[in-house]
Amino acid sequence: MAEKILYIEATSGVSGDMLLGALLDAGVPVEVLSEAWTALDIDNYEVEVFQTQKSGMNALRCRVSTQETKGAKTWKQYQLLLENSKLPEKIRQQTLSLVKRLFEIEASIHGSSLQKLHLHEMGGTDLLLDVTGTLSALDYLQPSLIKSSPVNTGCGFLTFSHGRFPIPAPATTKLLEGISVFQNEVEGELTTPTGALLIGSIAKSFGVMPEMKLENTGVGAGEMEIAGHPNVLRIFVGTGAAPEEEIYMVETNLDDSSPQVLAYFMEKAFELGALDVFFTPIFMKKNRPAVRLTLLVSSGLLESMLKLLFSETTAIGLRYWKVDRKTLDRRWSKIQLGKQEIRIKESYLNGTLANYQPEYEDCKKAAERLNTPVKEVIAQAIHKYLSK
């Protein structure tokens with residue numbers, strides 16, 4: 001089953017600007033990023049995209065210049081800015097989740113609360129540009145599988161507002177938990193907190209490049225100049241049979257967890273990489289109404305997911321077993337409704353079209369711009385697709 005595969009080579013570390021440069025170089029139109037940034041409704045930044053060289057290797061540099069005195073610093077400021085933005089719902093929720101995670105980690109490191117913490121070096125407009133730009137670019141490419149090499153953290157020491165710390169910095173170290181990392185002779189902060197935040201969210205596994213028919217590559221330049229070492233991040237895009245992962249079903253029955261706790265666990269589980277999370281109403285001993293919590297998770301994330309389940313719910317036991325899974329080959333087609341482009345997700349069984357469905361976020365955006373009920377946009381999109 002041919003699927004689009006995206007492989008990230010992070011042998012020189014990873015940062016937000018390196019990811020943006022590599023994604024643009026791999027064929028993502030700059031308009032995709034520009035549209036996302038315009039939807040944020042901020043104006044205290046400038047972006048330069050230009051070709052450069054790093055130790056003789058051609059690369060694309062995406063350099064963001066910001067007026068940090070105007071940038072968001074507190075969780076409340078970020079939350080308000082994102083909730084009032086015109087970002088697609090999927091990108092907005094993903095960004096909120098990632099920014100909140102960064103705040104939670106920083107708060108735990110500094111012994112502060114989520115509401116009192118202020119981000120300093122890693123805060124401001126550039127964080128939002130890196131996160132929304134990367135997520136929007138990946139949404140444009142629609143890879144079925146994202147895998148990364150082990151991540152080079154860099155080594156040495158870093159000095160910033162809180163003092164002098166070894167590399168990787170405390171927040172970066174926390175964000176890299178569960179990820180394959182290494183250090184070599186290169187000194188300096190090769191992986192930034194934003195880079196660690198993004199790579200941990202988008203890559204579902206870490207290791208050698210999977211077999212694929214290579215279609216495109218992108219090279220993103222980092223800011224540092226390293227003698228004899230190209231400070232770049234490379235992205236490889238191709239098609240191939242996605243490697244089969246062992247999948248586990250995890251279940252536990254709960255009769256003493258509040259709906260708020262369960263909702264929060266679902267959010268954190270998807271953020272960690274769960275393939276599916278759902279709740280089923282059941283009755284337990286003494287006719288107590290209860291909930292069966294069910295998870296679908298890859299083998300590489302099983303231990304992390306079990307730890308999350310025990311720490312975030314009232315579960316004192318669970319059961320899990322390996323399951324087989326069959327997924328259809330997914331591809332994308334596009335149609336136009338006036339000036340509105342709508343993607344159609346196609347599903348194929350052994351090369352034969354088995355299902356098709358307009359992408360909801362595209363239909364929602366078209367409905368708002370056309371001032372038309374979304375159900376009518378969906379119907380028109382299906383009609384236009386079938387008429388092709």
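What you see is a predicted model, and the numbers here were worked out from it, not measured in a lab. Only heavy atoms go into these numbers, but all of them, side chains included; no hydrogens, no water, no symmetry mates. Along the sequence shown, residues are numbered consecutively beginning with 1.
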Mind checking the CD1-CG spacing from I202 to L135? Nearest 0.5 Å is all I need.
-> 8.0 Å
Is there a donor-acceptor pair closer than 3.5 Å between any side-chain N or O of T173 and the backbone N or O of P168?
-> yes
Check T172, L175, V99 against L197 for a side-chain contact (heavy atoms from CB on, under 4.5 Å) and give me the one that passes.
-> L175
Verify, without hydrogens or angle tests, whether S55 (side chain) and H229 (backbone) share a donor-acceptor contact under 3.5 angstrom.
-> yes
Under 3.5 Å, side chain of K147 to main-chain N/O of V208, donor-acceptor pair present?
-> yes
Quick one: do L302 and I247 end up in the same hydrophobic cluster if we chain Ile, Leu, Val, Met, Phe, Trp and Tyr together by side-chain heavy atoms under 4.5 Å apart?
-> no
Identify whether L19 and V64 are in the same connected component of the hydrophobic contact network (ILVMFWY, side-chain heavy atoms under 4.5 Å).
-> yes
Between K4 (side chain) and V237 (backbone), is there a donor-acceptor pair under 3.5 Å?
-> no
Any link between L295 and V323 through a network of hydrophobic side chains (Ile, Leu, Val, Met, Phe, Trp, Tyr) touching at under 4.5 Å?
-> no
For the residue pair S304 and L272, establish whether any side-chain heavy-atom pair is separated by less than 4.5 Å.
-> yes
Taking C-beta and beyond as the side chain, do V14 and L198 meet within less than 4.5 Å on heavy atoms?
-> no
Backbone of L80 reached by a side-chain donor or acceptor of N84 within 3.5 Å | yes
Does a side chain donor of either Q183 or T153 reach within less than 3.5 Å of an acceptor in the other side chain?
-> yes
Can I get a per-line list of side-chain donor-acceptor pairs under 3.5 Å for residues 209-227, giving both atom names and the distance, sequence neighbours left out?
| from | atom 1 | to | atom 2 | distance (Å) |
| --- | --- | --- | --- | --- |
| E215 | OE2 | T239 | OG1 | 3.4 |
| N216 | ND2 | A26 | O | 2.5 |
| E225 | OE2 | K54 | NZ | 2.8 |

Would you call the rings of Y356 and Y385 parallel, tilted or perpendicular if under 30° counts as parallel and over 60° as perpendicular?
-> tilted
Between CD of Q94 and OG of S201, what distance do you get to the nearest 0.5 Å?
-> 6.5 Å
Distance col, row N253:CG vs T294:OG1, nearest 0.5 angstrom, shows 8.5 Å
In Å, rounded to the nearest 0.5 Å, how long is the span from CD1 of I109 to CZ of F165?
-> 8.5 Å
same_hphob_cluster(V131, V30) at 4.5 Å side-chain heavy-atom cutoff | yes
Side-chain heavy atoms of L102 within contact of L127, under 4.5 Å | yes
Rounded to the nearest 0.5 Å, the OG1 atom of T192 sits from the CD1 atom of I167 at a distance of 11.5 Å
K365 and E35 ion-paired at < 4.0 Å = yes
Taking atom CZ of F279 as the centre, report whether more than 12 heavy atoms of other residues, nucleotides or ligands fall under 6.0 Å from it.
-> yes
Sorted by chain and residue number, the side chain to side chain donor-acceptor pair (under 3.5 Å) partners of R343 (sequence neighbours excluded) come out as D139, D362
Using the rule that two of Ile, Leu, Val, Met, Phe, Trp, Tyr join whenever any of their side-chain heavy atoms come within less than 4.5 Å, decide whether W332 and I146 are in one cluster.
-> no
Heavy-atom distance under 4.5 Å between the side chains of C62 and V49, does that happen here?
-> yes
In terms of side-chain geometry, is the basic nitrogen of E48 or R63 positioned less than 4.0 Å from the acidic oxygen of its partner?
-> yes
Return yes when atom CD1 of I316 has more than 12 non-hydrogen atoms of other residues, nucleotides or ligands closer than 6.0 Å, and no otherwise.
-> no
Considering all heavy atoms, the nearest A367-P373 contact | CB-C, 4.3 Å
Are the side chains of I8 and F206 in touch, meaning some heavy atoms are under 4.5 Å apart?
-> no
pair L138-L6: side-chain heavy atoms closer than 4.5 Å | yes
Identify the heavy atoms of A169 and L158 that sit nearest to each other, and give their distance.
-> CB-CD2, 4.3 Å
For T252 and G317, indicate whether the former's side chain and the latter's backbone hold a donor-acceptor pair under 3.5 Å.
-> yes
Is K268 salt-bridged to E271, going by a charged N under 4.0 Å from an acidic O?
-> yes
Please report the shortest heavy-atom distance between L20 and W37, naming the atom on each side.
-> CD1-CZ2, 4.0 Å
With the side chain counted from C-beta on, respond yes when L23 and L141 share a heavy-atom pair under 4.5 Å apart, and no when they do not.
-> yes
Residue set satisfying salt bridge (Lys or Arg N to Asp or Glu O under 4.0 Å) with K86, at least two apart, ordered chain then number -> none
Derivation and outcome, salt bridge (charged side-chain N to carboxylate O under 4.0 Å, His left out), residues R92 and E89 = CA-CA 5 Å; R92 178 165 58 241; E89 184 65 18; 2.3 Å; yes
What orientation do Y7 and F236 show, parallel under 30°, tilted 30 to 60°, or perpendicular over 60°?
-> tilted
Please answer whether the main-chain N or O of E31 pairs with a side-chain N or O of S34 as donor and acceptor at a distance below 3.5 Å.
-> no
Considering all heavy atoms, the nearest S136-V32 contact = O-CG1, 3.6 Å
Locate the shortest heavy-atom distance separating Y248 from S299; write the atom from each residue and the value.
-> CE1-CB, 3.7 Å
Decide if atom CG of D41 counts as having more than 12 heavy atoms of other residues, nucleotides or ligands within a radius under 6.0 Å.
-> no
Any luck finding a side-chain donor-acceptor pair between D130 and T194 under 3.5 Å?
-> no
Is there side-chain contact between T11 and N152, with heavy atoms separated by less than 4.5 Å?
-> no
Can you name the nearest heavy-atom pair linking I235 to A22, along with the distance?
-> CD1-CB, 3.7 Å
